[in-house]
Participant: 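My questions all concern the structure below.
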Amino acid sequence: MDAIWTLGNQDTPRYAPLNADADADVAIIGAGITGLTTALTLAEAGQKVIVLEAREVGGGVTGGSTGNLYSTLASGQASIRKKWGDEVSRDVIRARSEAVDVIEALIERFAIDCQFQRQPAYRVEPANDSKAGYDWDEEKAALADAGLDVEAADHPGLPFATQGIKISDQAQFNPLHYVQGLATVASDLGVIIHEHSPVRNVDHKQGTVTTDTACVSARHVVYATHTPKGLNLLQAGMLVSREYAVSARLKSGHYPEGIIWAMDPFHSLRSYRQGNEQHVIVIGEKHKTGEQKGDHYRHLQEYLQTHFDVEAFTSQWSAQQYSSPDGLPYIGRLHGQDTVYLATGFAADGLTWGTLAAMIISDQVLGRDNPWQARFDARRITPGKSATQYTKENAHVARHMFKDYLSTEKLKEADEVAPGQARVAKVDGEELAIHRTEDGQLKVLSAVCPHMKCIVHWNNAESTWDCPCHGSRFDCDGEVIEGPSYHPLARRIR
Ligand SMILES: Cc1cc2nc3c(=O)[nH]c(=O)nc-3n(C[C@H](O)[C@H](O)[C@H](O)COP(=O)(O)OP(=O)(O)OC[C@H]3O[C@@H](n4cnc5c(N)ncnc54)[C@H](O)[C@@H]3O)c2cc1C
């Protein structure tokens with residue numbers, strides 16, 4: 001099922017695939033919030049920009065996000081302050097507040113219809129929950145010292161008693177309608193957008209970006225792909241996770257207001273109105289990509305049913321996040337490349353980071369200084385702050401590399417897989433990802449992820465093959481959905 005943001009999508013402009021070689025000042029790979037904000041900003045500065053998108057505008061994580069815009073971080077301000085100290089904690093709030101203001105200004109200037117609304121953000125726990133153990137004093141002090149006004153939470157309209165804090169003047173919108181609006185404006189300003197144009201290769205030296213059908217040559221190349229494509233050192237320390245979302249209509253008509261982070265242990269809640277219908281959305285059930293356990297959608301439905309008078313569930317979807325080992329995003333020029341740029345490591349906060357990334361990268365392309373470029377530099381090396389996660393994630397990859405190859409079950413024939421089942425198995429000495437659809441069609445792929453040769457795992461909730469090493473994901477036919485792999489899983493004819 002699609003994310004709730006697609007409800008009410010009418011007459012969305014579509015953009016033709018790339019079918020002939022072309023030249024540009026800037027080639028941008030990816031039409032999410034990062035790519036399209038960069039494209040629009042550069043087009044306004046007179047650059048010729050081509051955007052290549054593997055799927056559709058907003059079809060990556062932007063269109064699967066919660067649509068919350070805030071200057072702090074969903075994981076809390078105290079954790080970034082502990083790791084980096086007061087100055088960086090303040091910079092995070094200032095840079096992110098500026099980015100939220102940029103989004104608001106673009107919406108106003110171009111009349112983008114995406115239900116932008118200033119709203120408070122709440123971080124709460126169930127009242128008198130002695131088990132929760134959240135350190136409110138530490139979080140309040142970190143926010144206040146970073147320059148935010150923090151108050152005790154009033155009632156965000158939840159049907160259970162809570163205690164916690166409130167930060168005023170944050171915002172919410174429909175993230176898909178926002179980027180669709182950006183695409184329309186960018187296109188009117190001369191940006192050429194191509195959907196259904198997966199990039200398969202980038203030659204940094206030549207400045208060429210190649211799809212299955214044609215090639216774009218550009219002076220600058222921007223990876224606005226959420227994670228860098230192909231092999232990149234930054235992937236090594238990244239924690240890659242999936243999160244799930246469920247929305248519902250309520251019988252009572254009483255919906256919560258604002259951004260709500262419920263520390264129980266963690267669910268993100270918000271409401272959304274589309275036409276005459278309102279919905280409550282819950283996000284949670286985070287796990288490492290490729291390590292799905294249990295029925296995450298059912299757990300979220302049960303969470304909603306426990307707390308709200310659910311009339312009907314209206315949609316469900318999932319999305320992926322990349323958390324950097326030192327807690328800050330990587331934005332700007334790639335190591336050793338002065339005309340190739342990336343933006344990654346946004347964790348669950350990337351609508352705002354992606355907008356900031358667009359500001360920084362656009363300034364770098366245009367040869368202008370940006371006050372935030374050094375702080376979030378993609379070339380930084382921070383072993384002291386990165387070591388713990390870096391070591392953990394590399395051990396995790398090594399474990400999967402060995403364990404998954406050694407523990408693959410053996411089948412005589414791929415035909416042994418029953419309808420509705422998927423298995424990774426060794427057949428005739430080769431690791432295969434085998435799936436039989438409910439109507440009996442057998443789909444046999446190589447189980448070896450083309451990115452770094454790990455073995456993919458079946459994700460039952462999404463019917464996808466997910467790589468536990470660096471988060472590449474593939475549909476049942478092997479095509480890349482997201483992640484660092486440029487290439488599909490090889491098809492095997494049986
Ligand atoms: C469940 C969930 C909820 C979230 N909610 C929020 C929130 O409320 N607020 C917030 O600030 N952040 C949120 N985030 C994070 C945020 O959504 C992302 O960090 C942000 O949308 C990333 O934007 P992007 O443009 O960089 O990436 P994307 O939106 O993923 O765009 C990248 C694009 O690149 C394309 N692409 C990839 N490879 C290729 C290729 N080879 N060729 C061509 N195109 C390619 C993809 O198809 C995709 O469209 C959430 C994340 C999750 C997982």
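Remember, it's 1-based here, ligands and their atoms both numbered in the order they're listed. Both backbone and side-chain heavy atoms feed into the values below; hydrogens, waters and symmetry mates do not.
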Participant: So which residues, sorted by chain and number, lie with a heavy atom under 4.0 Å of ligand 1?
Facilitator: I29, G30, A31, G32, I33, T34, L52, E53, A54, R55, G60, V61, T62, S65, T66, G67, N68, Y70, S197, P198, V199, A224, T225, H226, K229, E243, I283, A319, Q320, F346, A347, A348, D349, G350, L351, T352

Participant: So, applying side chain to side chain donor-acceptor pair (under 3.5 Å) with S89, which one of K83, Q77, R81 is it?
Facilitator: Q77

Participant: Regarding E462 and H296, is there a side-chain donor-to-acceptor distance under 3.5 Å anywhere?
Facilitator: no

Participant: Suppose we call two aromatic rings close when their centres sit under 6.0 Å apart. Are H335 and Y330 close by that rule?
Facilitator: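 No, they do not, as the ring centres are separated by 6.0 Å or more.
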
Participant: Any side-chain donor-acceptor pair under 3.5 Å between S318 and R242?
Facilitator: yes

Participant: Are the sulfur (SG) atoms of C469 and C454 separated by under 2.5 Å?
Facilitator: yes

Participant: Under the 3.5 angstrom rule, does the side chain of R375 hit a backbone N or O of W372 as a donor-acceptor pair?
Facilitator: no

